[in-house]
Amino acid sequence: MTDSEEVTGHQESFVRLPDELTLENSPPEMTPERLQQEIEKCKERCQALEQDRLELGMAKEAAEQKTQGFQREAEFLRGKLEKETSLSRELEPSSQELCLAKAGRDKLLQEKQKLEKELEELEERRVAWEQQAKAPPSLPDRKMLFKGHVTEAEDVNALVVAPRIQRALPGGSALLTFEEPEVAQRILEMKQHEVKLDESAGCEGRVRVQAEPVELLLPSALEIELKLSDRCVLLSSLPRLDLSEEQLLDKLELFFSKAKNGGGEVEQRELLRDSGHVVLTFAQDGVAEQLMKKGRIQVPIGKRTYELKVTPYMSGQITDLQVRPSVCAKTVLLSGIPDILDEESMRDALEIHFQKPSRGGGEVDALGYVPVGGQGLAVFEEDTD
């Protein structure tokens, strides 16, 4: 029930005096008893009115309290609305910044997707390069023989480039390679051989030499770990110029260190003497990649311009090398040769002796001899026959 309804209810509870009971309309013959009754009725009505007055006062006080509560609530809501309005004004620039940030985020996401795509392409290229340059883990069996190539060197039993193997040849020894493996087998079975010396060489008599098999260590399995360098490039197709190594490297460094040529600061340069290629290492990332995308580049050297090929540079490291012993089927080692003839005469005497079928020999394909006191390096190559 509302306040107005409560007030209305009290108003309806007022005692109304009927017109016929008013003093003005009372009959003149009113008796004292009747008057006393009327007085009692008036007292009752007065008590009812007093009760109504008290209830109305209480209702008024309750209404005033509710009014004050409504006013306080209205003030609170007004303050809250003002705060929200102020906060909305403050957040309006932030909303604009948020929209800008969202647009920037979308742009960054697009750039990220583009970079991820480029990274995938680079990874595919790297895998392709590694697969092309990857050495097979197992190597085929190869037959080796000595073809008469002897050089002076200090390193022994060195694996240079398969299937070329270098082996030390000490002084007072020789290597003989026959055309037929059966001849080498007969020479090895005889072990000791007496070689007649040429009288025309100023020395008579015979020398005793010993025939031994030639055993080599051949690689049976090879694993190489390849690493693609992000800052290095390999320059090939270099012309043969009348320049020293340092002059050539200086000219290349000068050209590739300039940004207008697509280069950058060169940190290191190296000439690979076995191939004649040049490796350039740059100080910054990305320079090598841009040059490799070009593939070929015109480089002025001297008075002419040459087209050089730019390719990735991969460094390799042997992670596993397995070897197996192998005996040369056509080559034998002669040891114990004394120093009594000059080198050419001793070579002739050995070749003449071991070519005679009567001595168990046969056609000699190659011969290498190192006199006493010398040191040689014999090169064994693959037998392609």
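- The ring-ring contact (aromatic ring centres under 6.0 Å, His included) analysis of residues 60-86, with sequence neighbours excluded, yields no pairs.
- Tracing side-chain contacts under 4.5 Å through hydrophobic residues (I, L, V, M, F, W, Y), one reaches Val278 starting from Leu243; they form part of the same cluster.
- Under the salt bridge (charged side-chain N to carboxylate O under 4.0 Å, His left out) criterion, the residue pairs touching residues 207-222 are Glu194-Arg208, with sequence neighbours excluded.
- In this model, a donor atom of one side chain and an acceptor atom of the other lie less than 3.5 Å apart for Gln36 and Glu40.
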List, one per line, each side-chain donor-acceptor pair under 3.5 Å for residues 100-116, sequence neighbours excluded.
none

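- Between atom CZ of residue Arg34 and atom CD1 of residue Ile39 there is a gap of 12.5 Å, rounded to the nearest 0.5 Å.
- The nearest pair of heavy atoms linking Gly368 to Arg347 is CA-NH1, 3.9 Å.
- Hydrophobic clustering of Ile, Leu, Val, Met, Phe, Trp and Tyr side chains at less than 4.5 Å, counting indirect connections, unites Tyr306 with Phe255.
- The CD atom of Gln298 lies 11.0 Å from the CZ atom of Arg304; values are rounded to the nearest 0.5 Å.
- Of all heavy-atom pairs spanning Pro338 and Met346, the tightest one is O-CE, 3.8 Å.
- Rounding to the nearest 0.5 Å places CD of Glu253 at 9.0 Å from CD of Glu265.
- Heavy atoms only, all atoms of each residue included: Leu175 and Ala378 are closest at CD1-CB, 3.5 Å.
- Put simply, the side chain of Thr319 gets close to the backbone of Glu223: a donor and an acceptor are under 3.5 Å apart.
- Ser335 and Ser173 share no side-chain donor-acceptor pair at under 3.5 Å.
- Taking OG1 from Thr331 and CZ from Arg167, the interatomic distance works out to 10.5 Å, rounded to the nearest 0.5 Å.
- Atom-to-atom distance recorded for Asp242:CG and Gln247:CD is 8.5 Å, nearest 0.5 angstrom.
- Here the closest heavy-atom approach between residue Val287 and residue Gly263 is recorded as CG1-C, 3.6 Å.
- In this structure, Arg296 contributes its side chain and Leu308 its backbone to no donor-acceptor pair below 3.5 Å.
- Under the rule for a ring-ring contact (aromatic ring centres under 6.0 Å, His included), Phe178 has no partner lying at least two apart in sequence or in another chain.
- For His277, there are no ring-ring contact (aromatic ring centres under 6.0 Å, His included) partners at least two apart in sequence or on another chain.
- We find that Lys330 and Asp365 are not joined by a salt bridge, their nearest charged nitrogen and carboxylate oxygen being 4.0 Å or further apart.
- Closest heavy-atom contact between Lys196 and Ala349: O-CB, 4.2 Å.
- In this structure, CG in Leu218 is found 7.5 Å from SG in Cys328, a value given to the nearest 0.5 Å.
- Under the side-chain contact (heavy atoms from CB on, under 4.5 Å) rule, Glu75 has a single partner from Glu73, Arg72, Arg78, Gln71, which is Arg78.
- A side-chain N or O of Asp342 and one of Ser345 form a donor-acceptor pair less than 3.5 Å apart.
- Within the 3.5 Å criterion, the main-chain N or O of Ala63 finds a donor-acceptor partner in the side chain of Thr67.
- Here the side chains of Asp285 and Arg231 are in contact, with some heavy-atom distance below 4.5 Å.
- Leu252 and Ile301 get closest at one heavy-atom pair: CD2-CD1, 4.3 Å.
- When hydrophobic residues (I, L, V, M, F, W, Y) are linked wherever their side-chain heavy atoms come within less than 4.5 Å, the members clustered with Val279 are Leu234, Leu272, Tyr313.
- Linking ILVMFWY side-chain heavy atoms closer than 4.5 Å, directly or via other members, places Val195 and Ile340 in a single hydrophobic cluster.
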